[in-house]
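Bear in mind the structure is a predicted one, so any value in this text is a computation, not a measurement. Residue numbering restarts at 1 for every chain, and letters A, B, ... go by the order of the sequence lines.
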Amino acid sequence: MSRGIFGEENELMVQRRKNFEVIRALGFDPYPHKFDRTHTIAEIVRTYGRYAGAKPPEELERVNAELRQVAVRIAGRMMTTRLMGRAAFAHLSDGDQRLQIYIRSNEVSEREWQLYNHLDLGDFIGVEGYLFVTRTGELTIHVQRLHFLAKAFLPLPEKWHGLQDIEMRYRQRYLDLIANRASREVFVRRAQIIKEIRRFFDERGYIEVETPMLTPLATGAAARPFITHHNALDIDLYARIAPELYLKRLIVGGFEKVYELNRNFRNEGISTKHNPEFTMLEFYEAYSDYEDLMELTEELLTHLVRTICGSLVIEYAGNQIDFTRPWRRLTLKEAILLNWPETMPTPAPEDLDVPERLSAWLQAISGRCDPRWSPAQMLGKLFEHVAEEKLIQPTFVLGYPTELSPLAKQSEEDPTIVHRFELYIGGLEIANAFCELNDPAEQYRRFEQQMRLRERGDEEAMVMDEDFIRALGYGMPPTAGEGIGIDRLVMLLTNQRSIRDVILFPHMRPER
RNA sequence: GGGCCGUUAGCUCAGUCGGUAGAGCAUCGGGCUUUUAACCCGAGGGUCGCAGGUUCGAUUCCUGCACGGCUCACCA
């Protein structure tokens, strides 16, 4: 072993470097600038894949007479090779699909044959030749010219088992993508989901906007922010925790339907459901209420599930989830009572209004109850511990306490609760929506109440945003708004248990 | 941050009731012009995560640390 630019070099790497020098000595440009292709490998598979399949000799002869006319020039990474003396088979990958090539020493130049013999798995090559189907029925390119395109100095993961090491899959996602097709498919599907979401809102007259990621105040959600510093202005800035208050300013400004699909940042724990930066869809619609958003959410998600998964029933974490509308609606209290632990007697509904009982249950169920928590906070915690993970089928949860919803409009009948819902699917919180509070005086009082919580030590309580109050002062029409956690939605639609499996480069502690 | 579990060849994994380790793929040499986890013959490759401790002897037992996974707490 010796030190090199890749760290410790083992014999495999030394051998690859030797091969590279041989290829260079053969006169091949070690790093050519471009390679013109007639097809991608995926295009060849799509166009000519129907010729594949084992056939009787005379039919094979006929098919190959036809295919021989198809001259192709393709490129890819060499994934496997089977050298048999003076001929060889290999598989090339364009990332999406694989295609076999067949090369014979007497049908290429000696220099090209030498090149082939000094290639390593992982190298990029280009080939020119014609199509044929082998005796075993595999569509293959019969190579006439071979080109060297780029070197893989480091050995690839094993061809059969792929890359299993979870840490390496996250840290070196490029290796995961090369070795594990399933991983690639998750991210292709993620891109489809995001594209469909944009199409869905664009078609309904929404406009997509971009609001600041670096903000002077971290508002719009209850979370701790990342702090940075702007040198020229000499001010601290916060990575946004939510775009909410900016989007409502745009409603004030006369954009009646807006959405933003982008990253939020929260300086909190990492788990299978949390990444410090995560993708959030937020959308706001003037003159609508949260009932309309429940309709819209059902429409959006059933459209996505049908388009992406091909069925309204999908499997997630061992459960069948049925998206057939309409979805169940429960109040927060109903959700708690319906999912009450079997080991404890179910309380009467009015018991959930008794603070002493709430704290006793919370202590018993979660093992922790902070005396500073208000009854509303305790109710929220109780829901999280008792009900959340059991809400497998799509469920709208309603009846949230006003105190837990400082930006939402109160119910006309009961000002202690707000017109808000959260959507739970597969035990995951997917969406949060409400009628937007547009009374500046009430909003001011809510901010004041949040600041009192903050003074009591609640670091996640919201801060006062005076410009937002001023914006509301110019008048905001009745509006409903919603946020949807895209990473979790992608988890659901790709059947992944960990948010890290749907984020290309999840955050990790640095290697040492 | 707490608890539990993991870290052995480039990769995927065995294994050692404490006596310094094996397989498959990959690599190297030889054979092979329709193979496909190609095949046949031969070979090399490891400070068993790091640092201490116990021991005649530690990859194995103990402690600490690092990184990761699950989980609890915080949160979406």
Side-chain angles (χ1 to χ4, degrees), chain A residues 1 6-16 18-19 54 60 64 79-91 98 100-107 113 120-122 132-138 140 142 152-172 175 178-179 220-224 241-242 264-282 366-368 370 380-381 384-385 388 422-424 428-432 458-460 483-489 491 497-500 506 508-512:
Chain A
M1 298 251 276
F6 307 117
E8 295 295 331
E9 289 202 354
N10 60 36
E11 58 163 318
L12 299 176
M13 292 153 73
V14 169
Q15 184 57 43
R16 280 167 183 256
K18 280 185 194 160
N19 285 338
L60 189 65
N64 282 337
M79 304 303 288
T80 64
T81 176
R82 294 170 291 285
L83 180 63
M84 298 167 302
R86 301 292 287 170
F89 287 93
H91 276 105
R98 290 183 181 198
Q100 185 170 256
I101 63 168
Y102 178 52
I103 183 165
R104 288 211 275 218
S105 57
N106 59 332
E107 291 176 339
W113 182 247
D120 287 299
L121 293 181
F132 78 109
V133 172
T134 64
R135 284 209 293 253
T136 51
E138 181 162 350
T140 303
H142 200 121
F153 289 102
L154 303 178
L156 260 42
E158 206 225 9
K159 64 181 175 185
W160 188 244
H161 297 91
L163 181 64
Q164 298 298 320
D165 187 288
I166 293 171
E167 183 175 351
M168 224 189 295
R169 287 186 48 223
Y170 296 152
R171 287 196 197 276
Q172 296 178 261
L175 275 187
I178 292 168
R224 282 183 286 178
I241 56 174
N264 287 349
F265 306 86
R266 298 190 184 173
N267 202 344
E268 282 158 357
I270 294 177
S271 78
T272 48
K273 294 175 188 172
H274 301 87
N275 195 58
E277 55 182 301
F278 61 102
T279 301
M280 179 83 123
L281 165 70
E282 283 205 18
S366 76
R368 181 161 171 265
D370 193 317
K381 302 266 180 210
E384 284 167 22
H385 284 104
E388 191 170 320
E422 286 195 348
L423 172 63
Y424 287 85
L428 295 170
E429 184 189 337
I430 297 294
N432 178 26
D458 184 349
E459 284 184 73
E460 278 146 16
I484 296 183
I486 297 303
D487 309 283
R488 290 180 181 178
L489 183 63
M491 285 168 68
R497 316 282 183 93
S498 171
I499 200 167
R500 291 188 197 103
M508 309 276 282
R509 212 180 279 275
E511 293 177 84
R512 302 206 325 165

Open item on the list: Between A:Asp487 and A:Asn275, is there a side-chain heavy-atom distance shorter than 4.5 Å?
Closed with: no
Task: Reference residue A:Thr80; test side-chain hydrogen bond (donor to acceptor under 3.5 Å, both in side chains); the match among A:His91, A:Arg98, A:Gln100 - done: A:His91
Open item on the list: Closest approach to the side chain of A:Ala222, judged atom by atom: which nucleotide of B:C25, B:G44, B:A76 is it?
Closed with: B:A76
Task: B:U12 pairs with, by Watson-Crick or G-U criteria that keep both distances under 3.5 Å - done: B:A23
Task: Mutual orientation of the aromatic rings belonging to A:Tyr102 and A:His142 [parallel < 30°, tilted 30-60°, perpendicular > 60°] - done: perpendicular
TODO: Just name whichever nucleotide pairs with B:G44, Watson-Crick or G-U, keeping both distances under 3.5 Å, else none.
DONE: none
Task: Whole-angstrom distance between B:G45 and B:A26, as gauged at atom C1' - done: 11 Å
Open item on the list: Please classify the nucleic acid contact of A:Asn267 as base, sugar-phosphate, or nothing, using heavy-atom distances under 4.0 Å.
Closed with: nothing
Task: Separation between the C1' atoms of B:C61 and B:G18, rounded to whole Å - done: 8 Å
Open item on the list: Should the side chain of A:Arg135 and the base of B:U34 be counted as holding a donor-acceptor pair, with the cut-off at 3.5 Å?
Closed with: no
Tabulate atom names and distances for all N/O pairs under 3.5 angstrom spanning the protein and nucleotides 69-73 of chain B.
{"residue": "B:G69", "atom": "OP1", "partner": "A:Arg500", "partner atom": "NH1", "Å": "3.1"}
{"residue": "B:C70", "atom": "OP2", "partner": "A:Arg500", "partner atom": "NH1", "Å": "3.4"}
{"residue": "B:A73", "atom": "OP1", "partner": "A:His385", "partner atom": "NE2", "Å": "2.5"}
{"residue": "B:A73", "atom": "O3'", "partner": "A:Arg368", "partner atom": "NH1", "Å": "2.9"}

Task: Between P of B:G24 and CD of A:Gln164, the distance in whole Å - done: 19 Å
- [ ] Search all heavy atoms of A:Ile499 against all heavy atoms of A:Ser271 and return the closest pair with its distance.
- [x] CG2-O, 3.6 Å
TODO: For B:A21 versus B:U47, give the span between their P atoms, rounded off to a whole number of Å.
DONE: 13 Å
- [ ] Ignoring the backbone of A:Glu429, work out which of B:U34, B:U12, B:A76 is nearest its side chain.
- [x] B:A76
Open item on the list: Over all strands shown, is A:Arg488 touching base, sugar-phosphate only, or nothing at heavy-atom distances under 4.0 angstrom?
Closed with: base
- [ ] Output yes when a side-chain donor or acceptor of A:Glu158 lies under 3.5 Å from a complementary backbone atom of A:His161, and no otherwise.
- [x] yes
Open item on the list: Taking only side-chain N and O atoms of A:Lys159, does any of them lie within less than 4.0 angstrom of OP1 or OP2 on B:A26?
Closed with: yes
- [ ] Output the single nucleotide from B:U33, B:U35, B:C11 whose closest atom is nearest the side chain of A:Ala87.
- [x] B:U33
TODO: For B:G46 versus B:U55, give the span between their P atoms, rounded off to a whole number of Å.
DONE: 32 Å
Task: Check: A:Arg86 side chain, B:U33 base, donor-acceptor under 3.5 Å - done: no
- [ ] Please give the nucleotide sitting opposite B:C70 as a Watson-Crick or G-U wobble pair, both distances under 3.5 Å, or none.
- [x] B:G3
Task: pi-stack flag for A:Phe278 and B:A76, centroid dist under 5.5 Å, interplanar under 30° - done: yes
Task: For atom CD of A:Glu388 and atom P of B:C74, their distance in whole Å - done: 11 Å
- [ ] Please tell me which of the listed nucleotides, B:U35, B:C25, B:A76, lies nearest to the side chain of A:Arg82?
- [x] B:U35
Open item on the list: What is the distance, to the nearest angstrom, from the NE2 atom on A:His91 to the P atom on B:U34?
Closed with: 16 Å
- [ ] Specify the residue among A:Leu163 and A:Asn106 whose closest nucleotide of RNA chain B lies further upstream toward the 5′ end.
- [x] A:Leu163
Open item on the list: Would you measure the distance from the P atom in B:U27 across to the matching atom in B:A66 and give it in whole Å?
Closed with: 38 Å
Task: Side-chain (A:Arg266) to main-chain (A:Ile241) donor-acceptor, under 3.5 angstrom - done: yes
Task: Spacing between A:Leu83 atom CG and B:U27 atom C1', to the nearest angstrom - done: 14 Å
Task: Protein-nucleotide distance (A:Met79, atom CE; B:A37, atom P), rounded to Å - done: 15 Å
Open item on the list: Base, sugar-phosphate or nothing for A:Gly162? Non-hydrogen atoms, less than 4.0 Å.
Closed with: sugar-phosphate
Open item on the list: With side-chain contact (heavy atoms from CB on, under 4.5 Å) as the criterion, how do A:Ile103 and A:Trp113 come out once you've worked through the C-alpha distance, each side chain's angles and the decisive distance to 0.1 Å?
Closed with: CA-CA 8 Å; A:Ile103 183 165; A:Trp113 182 247; 4.0 Å; yes
TODO: Name the nucleic acid region contacted by A:Glu511, choosing base, sugar-phosphate or nothing; use a 4.0 angstrom heavy-atom cut-off, strictly under.
DONE: nothing
TODO: Return yes if some donor-acceptor pair links the side-chain N/O of A:Asn264 with the main-chain N/O of A:Phe278 below 3.5 Å, else return no.
DONE: no
Task: Gap between atoms CG and C1', on A:Asn10 and B:G10 respectively (whole Å) - done: 5 Å
TODO: Take atom CD of A:Gln100 and atom P of B:A37, then tell me their distance rounded to the nearest Å.
DONE: 10 Å
Open item on the list: Taking the C1' atom in each of B:G57 and B:G6, what is the distance between them to the nearest angstrom?
Closed with: 27 Å
Open item on the list: Keeping A:Arg488 on the side-chain end and A:Ala431 on the backbone end, is there a donor-acceptor pair under 3.5 Å?
Closed with: no
- [ ] Quickly work out the A:Leu12 CG to B:G44 P distance and round it to whole Å.
- [x] 15 Å
Open item on the list: Please check: side-chain N/O of A:Asn432 versus main-chain N/O of A:Glu422, any donor-acceptor pairing under 3.5 Å?
Closed with: no
TODO: Using a heavy-atom cut-off of under 4.0 Å over every strand shown, decide if A:Arg169 touches base, sugar-phosphate, or nothing.
DONE: nothing
TODO: Return no unless some side-chain N or O of A:Arg509 is found under 4.0 Å from OP1 or OP2 of B:A66.
DONE: no
Task: Pairwise P distance for B:C11 and B:U16, with rounding to whole Å - done: 23 Å
- [ ] With P as the reference atom in both, quote the distance from B:A23 to B:A14 in angstrom, rounded to an integer.
- [x] 16 Å
Task: Nucleotide opposite B:U63 in a Watson-Crick or G-U pair, distances under 3.5 Å - done: B:A51
Open item on the list: From C-beta outward on A:Glu158, which listed nucleotide comes closest to its side chain: B:U35, B:U12, B:C74?
Closed with: B:U12
Task: Sugar-phosphate only, base, or nothing, as touched by A:Met13 at under 4.0 Å among non-hydrogen atoms - done: nothing
